[in-house]
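Please read the structure below before turning to the comments.
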Amino acid sequence: MAKEAFIALDYDYIDVDDSSMIRLWGRTKEGKRICVLDTTDSYFWLIPKAKANLEKYAEKVKKIHLKHAGREAKVLDVRIKEKNFLGQPIKALQVLVNNPKDIVTIKDIAKEFPETEEKRETDINFVTRYIIDKKIIPLETYSVEGKELSKKELRENGWNWNVDIVIKAEKITEAKWEFEPKILAFDIEATDFEIGKGQILMVSLANKHIQKVLTWKKFANPPKEVEFVKNEEELIKKFIEFIEDYKPDFLVGYFSDAFDLPYLRMRAENYDLKLNIGLDNKGITFIKGAVMSSEIRGLVHVDLYKFVNNIISYSLQSETISLNDVAKELVGEEKIKIDLGKINKELKETKGKLGEAELRRFSLYNLQDSVLTSKLFDKLWPNIMELTKFVQEPLFEVNRATYSNLVEHNIIHNAHRFNEIIQHRPTFDEINERKIRPKYTGAFVKEPIPGLYENIAVFDFRSFYPNIIVSFNISCHTINMKKEPGDYETPEFEFEGKKRKFYFKKKLGFIPQILSELLEKRKEVKAELKKHRTPVLEARDYALKTLSNATYGYLGFFGARYYSLECAASIAALARHYIHKTIEDIEKDGFNVMYADTDSVMFLFDKKKEEALKLLEKINKSLPGTMELDLENFYKKGLFVMKRTGELGAKKKYALLSEKGEIKVRGFETVRRDRCKLAKDTQDVVLKSVLEEGKPDKALEYAQKIVKQLRDKKIPTEQLVIRTQLKKEIESYESIGPHVAVAKRMRELGLPVKEGSLIEYVITAGKEKLIRERARLPEEVNEGAYDVDYYINNQVLPAIESIFSVFKISMENLQGKKQKSLKDF
DNA sequence: GATCCGAATATACC
DNA sequence: ACCGGTATATTCGGATC
């Protein structure tokens, strides 16, 4: 009997005889690479029609067997069990089969039986099934006891795996030990951005201890990290060798799912090389979906870009999620600046002959990318780890998961605690039906009256939507269309053209319960965080916040297993009800509520802080369930402006000055990335001088100075660059805006533009009427060639006009008076 | 040909 | 296709005078 403390980093399953075996790929406490073999039942559920004779039905199902895919597909056993489904207790058949791959064929036969109402859990991956039933959770540490397979036994089975030890598990128990992941970050440089064209010039590898660049482009005085190889083929061989020798747990890249690994594969194929860097000796699996994934068995491929894009980006300040911007914000370091376009052009024009200095810099650039990726991994590892442990799906999946995936995984991995049969993934037809349903009414936003205010209090609901779900027990399992005694109810609201109410049973549903546990855990973590802040605790808090906040959106998402537009609409209706009630309560106490958006209210507290706090307490006493209103902050000043069109106050646009002197800007051009720097900076100065000093006149002088500088062409072009993202394929635009026109130009120039690219352009002066006809790439713009009028009238003035109009300073009517209009400068 | 207005588009707020 | 609705602002592009 062998015994090893180990951690499961990766999971898969293989056919053994007629059934399937789970492989847990991981690391032992001593640092050996391990593969643990284990088994679990493979099954799905049949939900019978009400009149079905269960015993007879079970006997019939039990007899299903057929030859399929070179195997005997058969039902091993059928068990009649008491289960819950959609909140109702039912009797269901658990159909155990010998191989999970046969579930599809067997369920198709069982589906035709007259007794069959529904089939469920046929779309649960066998790895997920294993994790649910055996509770061997990814990234948790265990101890395994079992039989170690000898080299001979492995050979006999044809199991040529690149691990130190293979154990057939007999017993797996929890065991606490510290795991430090051994990672290797990598990055390639190639002559072309497009996969299928060009070749690989360099590969860099890095972690805390290693910095290495492999290249066949030789040059004098190379940095010490650079190792020259003969040619591209040798480069790929060395890369494979290095990984084989170093034996990392994770191979980490940035955008490597869709670039580095597919590129490497393509070039390796060119030399008949196999990228056998996985532990199963099977190379890399490329999973083509809407976005490509590259999976290496046992050596988990982490693509940090996916994680940042799906999960982290919403909490970042960065305007893009490029490695440069993200690393700058999260690890305080940037990429080495080189002109990749120029290098690629030179490579093409001189058939690959770059200057020595350029190559040296290029190699350092390549290395820095791996170094940044490695550091970014260290920073994000607690987040990835906490989410993985919490939702209990393998690291590879969590790395690439979206919010809805995470919410759903969390539900799936908890359903068994409630004896629930898991709802199926929606079919193509169901998705299409859901997509065409009309939108429901969402949150309430109160229109502010434009002006500069003093002494503002802000209250907001703590985790508003999650707490509504919990307090009103909202889920597709608990919803009632007609009121039953004791039901919770929504206010009356318009839903799909009718005035109506929805009702929710008192008996706690399992989704609200999972959510309430989540909120409870977050409370504990928050309390813990008050005592001591650690990266792991912060990451745990972020994971819990992410999951709880995404639950409401998940319910209204057409791809969700537990989709319910009625529930999502009910949550929104309750949110509207409680924000209105809060506004009324505050107004009843004599305060002036000037603004509200979704879960927050702003009102003039008139220097009566204590009274405001007392009111907060009073409101809280009247709130049901776990709902709670918090004091967000007190502010010294707040500015609200008018919409550009119409005489209404603009929603979602304000600036506040806190008592500590910090300015909080929302919605203004200052915080928008599709405005030029000059407009944003000018607005920022104007906002600051209005809020901090209360001096609009001084701000006006500043604005006038900027306008004059513009007219005199003293503003550097870089301040006038407008950045707009290409959100679709270039050809699919109906309306060609400036950024689309520029993207087309870039494509003609051979520059890399694709969906998602941030297009930079400057508007130049000229006779052409349309703006897009005068939009140019920044590098195309000669000094002073920019269109002064455009930047004054379309960029700078719109950003400040609305602020000045609060102080009755008009841009037009100032002509002839003591002060001059901005347009005169 | 100038002008008006809705549609298309991007981005932010919560 | 990969969580929801609410909201502002800009530019295009076609209709209208």
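Any value given below was found using the heavy atoms of this structure, including those in side chains, with hydrogens, waters and symmetry copies removed. Within every chain, numbering begins at 1; the chains are lettered A, B, ... in the order of the sequence lines, protein sequences first and strands thereafter.
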Item to check | DNA chain B contacts made by residues 574-586 of chain A, counting heavy atoms under 4.0 Å | outcome: none

Checklist entry - For A:G553, which contact category applies under a 4.0 Å heavy-atom criterion: base, sugar-phosphate, or nothing? => result base

Checklist entry - Checking all strands, does A:I571 fall into the base, sugar-phosphate, or nothing category for heavy-atom contacts under 4.0 angstrom? => result nothing

Next on the checklist: Does A:Y314 reach a base, just sugar-phosphate, or nothing at all? Heavy atoms under 4.0 Å.
Outcome noted: nothing

Next on the checklist: I need the A:T582 OG1 to A:F603 CZ distance, nearest 0.5 Å.
Outcome noted: 10.5 Å

Checklist entry - Across the strands shown, which category fits A:L555 at heavy-atom distances under 4.0 angstrom: base, sugar-phosphate, nothing? => result nothing

Checklist entry - When we call it a touch if two heavy atoms are under 4.0 Å apart, what does A:Y733 touch: a base, just sugar-phosphate, or nothing? => result sugar-phosphate

Checklist entry - For DNA chain C, which residues in residues 556-563 of chain A have a heavy atom at a distance below 4.0 Å? => result A:G556, A:F557, A:F558

Checklist entry - Is A:S600 touching bases, backbone alone, or none of the nucleic acid, heavy atoms closer than 4.0 Å? => result nothing

Next on the checklist: With a 3.5 Å cut-off and heavy atoms only, can you find an N or O donor on one side and an acceptor on the other between the side chain of A:R673 and the base of B:dT11?
Outcome noted: no

Next on the checklist: If you only use heavy atoms from C-beta on, which nucleotide in B:dT9, C:dT10, B:dC13 is closest to the side chain of A:R644?
Outcome noted: C:dT10

Next on the checklist: Applying a 4.0 Å non-hydrogen cut-off, can you work out what A:Y465 is touching in the nucleic acid: base, sugar-phosphate, or nothing?
Outcome noted: nothing

Next on the checklist: Under 4.0 Å, counting only non-hydrogen atoms across every strand here, what does A:D460 touch: a base, just sugar-phosphate, or nothing?
Outcome noted: nothing

Checklist entry - Taking both distances under 3.5 Å as the test for a Watson-Crick or G-U pair, what stems of at least three pairs does DNA chain B have? => result B:1-14 with C:4-17

Next on the checklist: Counting C-beta onward and ignoring hydrogens, is there a side-chain heavy-atom pair between A:V458 and A:V601 closer than 4.5 Å?
Outcome noted: no

Next on the checklist: Test your reading of the model: is there a side-chain donor-acceptor pair from A:R400 to the backbone of A:F396, 3.5 Å cut-off?
Outcome noted: yes

